[in-house]
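Structure first, commentary second.
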Amino acid sequence: MDKQTLSFQAEVKQILHLVTHSLYSNKEIFLRELVSNASDACDKLRFEALDKPELFEDAPQLEVRIWFDAEKKTMTIRDNGIGMSAEEAVAHLGTIAKSGTREFMAKLEGEQKKDANLIGQFGVGFYSGFIVADRMTVESRRAGLPADQGVRWSSEGTGEFEVEAIERTERGTDVILHLREGEEEFLSAWKLKSIVGKYSDHISLPVLMKKQRWDDEKNEQVTTEEWEPVNKAAALWTRSKSDITDAQYQEFYKQISYDSEAPLAYTHNRVEGRSEYTQLLYVPAKAPFDLWNRDKRGGVKLYVKRVFIMDDAEALMPVYLRFVKGVIDSADLPLNVSRELLQESRDVKAIREGSTKRVLSMLESLADSEDAAERERYANFWKEFGAVVKEGMGEDLQNQERLARLLRFASTTVDEGVSLADYVKRMKDGQEPIYYITADTLAAARNSPQLEIFRKKGIEVLLLTDRVDEWMLSHFYEFDGHPLQSVAKGSFDLGKLQDDEEKKQAEDVATAFKPVLERLKTALKDRAKDVRATSRLVDSPACIVVEEGDMSSHLARMLKQAGQGAPKSMPILEVNPAHALVKRLEGDERFDELAQVIFDQALLAEGGQLDDPAAYVQRINRLLTGA
Ligand code: ADP
Ligand code: MG
């Protein structure tokens with residue numbers, strides 16, 4: 001291939017612009033990124049060589065070497081991993097395959113702007129080299145290709161890069177950084193060693209640097225030709241728990257997650273029995289920007305006997321625990337396990353079940369801790385990830401009971417953090433169901449007319465406002481023998497909580513009110529399935545309810561917003577015969593007009609939208625002006 005000059009993909013140009021102009025703090029992470037790429041390349045070689053051992057050529061010992069040239073102001077990171085063909089160099093170093101670039105940019109433009117640490121999170125780590133280099137040169141040959149099919153890629157990190165064919169005997173990749181003016185601090189063995197020690201200690205292959213020796217004659221450190229490892233090169237999870245400090249666990253977490261915050265909790269176990277594996281799993285403290293993307297690549301890496309196999313949480317972790325990060329290293333799976341095989345493997349199933357249980361116990365021990373600070377941590381966890389965990393209530397019926405105990409809600413009694421067990425403890429004598437209401441926002445839930453009688457009687461109601469709540473409730477009906485009951489569904493019956501006197505009174509009122517109800521039914525026949533008197537209201541004239549088996553109006557609205565047609569079923573209007581406005585209906589010549597207004601208001605009060613808002617405004621104005 002002749003020398004070619006090619007243009008970077010537009011996204012890459014944007015990234016490069018940001019990298020070279022905005023990242024000031026944590027510059028040293030470029031080395032972590034490049035060593036991590038070198039290590040990935042070795043993992044890939046090891047994996048491909050399972051089928052084609054000849055790929056190892058005559059260098060089976062995988063390693064990374066780092067050196068620098070103080071005079072030329074260059075440093076080089078060399079690996080003997082899989083390498084790149086010319087096409088791969090163009091594709092992998094000229095375009096970004098992954099989505100998420102836009103989010104990355106948005107984040108960089110935000111407050112965290114200057115922190116280079118973010119870069120690895122978005123799969124653009126290679127470009128971090130340009131933080132300290134004004135030219136990067138990559139020389140590579142893909143394992144298995146002949147020596148004359150090497151490639152040289154080179155760029156100043158602006159709009160373009162060059163590629164040309166070169167002769168290269170060694171398999172693998174050299175990344176050469178031509179350091180910028182002012183970045184000479186990286187031309188120091190001590191400095192580079194300390195960065196490798198900080199970020200790359202647990203890379204499972206050796207990172208080698210040239211040994212330094214004190215020269216008495218010159219009276220300074222000189223570099224020898226002898227190579228020595230500068231990292232531990234032992235995968236952290238294979239070491240015994242008692243040999244690992246908390247700080248090491250935390251550092252490892254940062255490496256695999258690119259999260260700058262410490263994890264909320266972690267668990268490290270060697271599991272023996274039906275299936276043998278090691279798990280090191282972390283729960284992050286903060287939700288990532290793409291938490292809601294259910295298809296995103298998982299945070300749990302699969303290893304088999306210390307060989308990296310793949311990133312794929314879905315087979316190893318249920319989707320509702322997609323925020324969990326970590327490593328699972330199996331002793332039983334075949335090394336050439338494919339994604340398809342993973343989905344079906346009984347061993348993988350056992351691993352997923354075991355790991356799910358581990359994560360749940362980790363969360364339970366925070367939630368139920370004697371220590372208030374731990375419970376506080378759980379409350380924070382819930383704020384970040386609670387809505388995702390709720391997905392598990394429908395997805396993981398096997399663990400539904402355990403998950404139900406982890407749920408936290410807002411309620412009419414306590415602003416947040418109410419567990420179902422707390423609720424049950426506070427139930428009134430004779431109260432059977434656990435009452436809840438769903439709404440778009442907490443304010444709408446809290447002010448909902450349906451709550452009036454509950455407030456009057458001091459009965460607690462859970463306020464559910466996560467989008468996933470309705471879905472969860474379609475899989476979850478009772479807790480500890482108490483049915484979950486929507487206060488906006490079905491006919492109103494407080495059962496034993498209402499005394500006979502009250503019931504009788506309500507019936508009498510309803511009978512006396514019958515003629516008005518009949519007229520309301522006629523007036524609203526196109527809008528309400530039924531109109532009935534209720535004692536669930538105290539201060540409001542009317543409210544909308546749906547029948548027991550029907551979809552709640554909140555869910556119907558969400559489906560509509562999502563562009564999905566909801567089955568059209570009319571709601572029921574319940575009116576409060578004791579309310580002044582309702583009392584006024586009888587004998588008023590504007591009966592029909594008032595009926596429409598009462599219905600519209602009931603709809604508005606529960607967060608619904610009017611089909612014809614202009615007509616509503618006109619009606620109100622006519623009533624106000626007495627026209
Ligand atoms: P990521 O590592 O998240 O894929 P990077 O920006 O760090 O993103 O690297 C981009 C791609 O360039 C890698 O996915 C890989 O295909 C290729 N690459 C980078 N460094 C090397 C290397 N040392 N050996 C082989 N391929 C590499
Ligand atoms: Mg990378």
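Owing to the predicted nature of the structure, the values given are computational and were not obtained by experimental measurement. First listed ligand is number 1; within each ligand, the first listed atom is number 1.
Heavy atoms of Ile77 found under 4.0 angstrom from ligand 1: none, in either backbone or side chain. At a heavy-atom distance under 4.0 Å, no atom of Leu34 approaches ligand 1. For Met84, every heavy-atom contact with ligand 1 shorter than 4.0 Å involves the side chain, none the backbone.
Among the atoms of Asn37, an N, O or S atom falls under 2.8 Å from the Mg ion (ligand 2).
With hydrogens and angles left out, the side-chain atoms of Ser275 and Asp332 include a donor and acceptor closer than 3.5 Å. Residues Ser355 and Gln279 bring a donor and an acceptor atom of their side chains to less than 3.5 Å of each other. Defined by atom type and a distance below 3.5 Å, a donor-acceptor pair is present between the side-chain atoms of Ser154 and Arg135. In this model, a donor atom of one side chain and an acceptor atom of the other lie less than 3.5 Å apart for Gln250 and Asp246.
Between the side chain of Tyr277 and the backbone N or O of Glu272, no donor-acceptor pair lies under 3.5 Å.
For Phe126 and Trp153, the gap between ring centers is short of 6.0 Å. Residues Tyr320 and Phe385 keep their aromatic ring centres 6.0 Å or farther apart.
Those atoms of ligand 1 with a heavy atom of Phe126 less than 4.0 angstrom away are 5 (P), 6 (O), 7 (O), 9 (O). Interface atoms of ligand 1 facing Leu93, defined by a heavy-atom separation under 4.0 Å, are 12 (O).
Between Leu45, Val35, Asn37, Asn80, it is Asn37 that holds the heavy atom closest to atom 7 (O) of ligand 1. Taking only non-hydrogen atoms, the option from Glu88, Arg78, Lys44 nearest to atom 14 (O) of ligand 1 is Lys44.
Checked against a 3.5 angstrom limit, the closest N/O atoms of His92 and ligand 1 fall inside it. For ligand 1, the polar-atom distance check against Gly125 finds a nitrogen or oxygen pair separated by under 3.5 Å.
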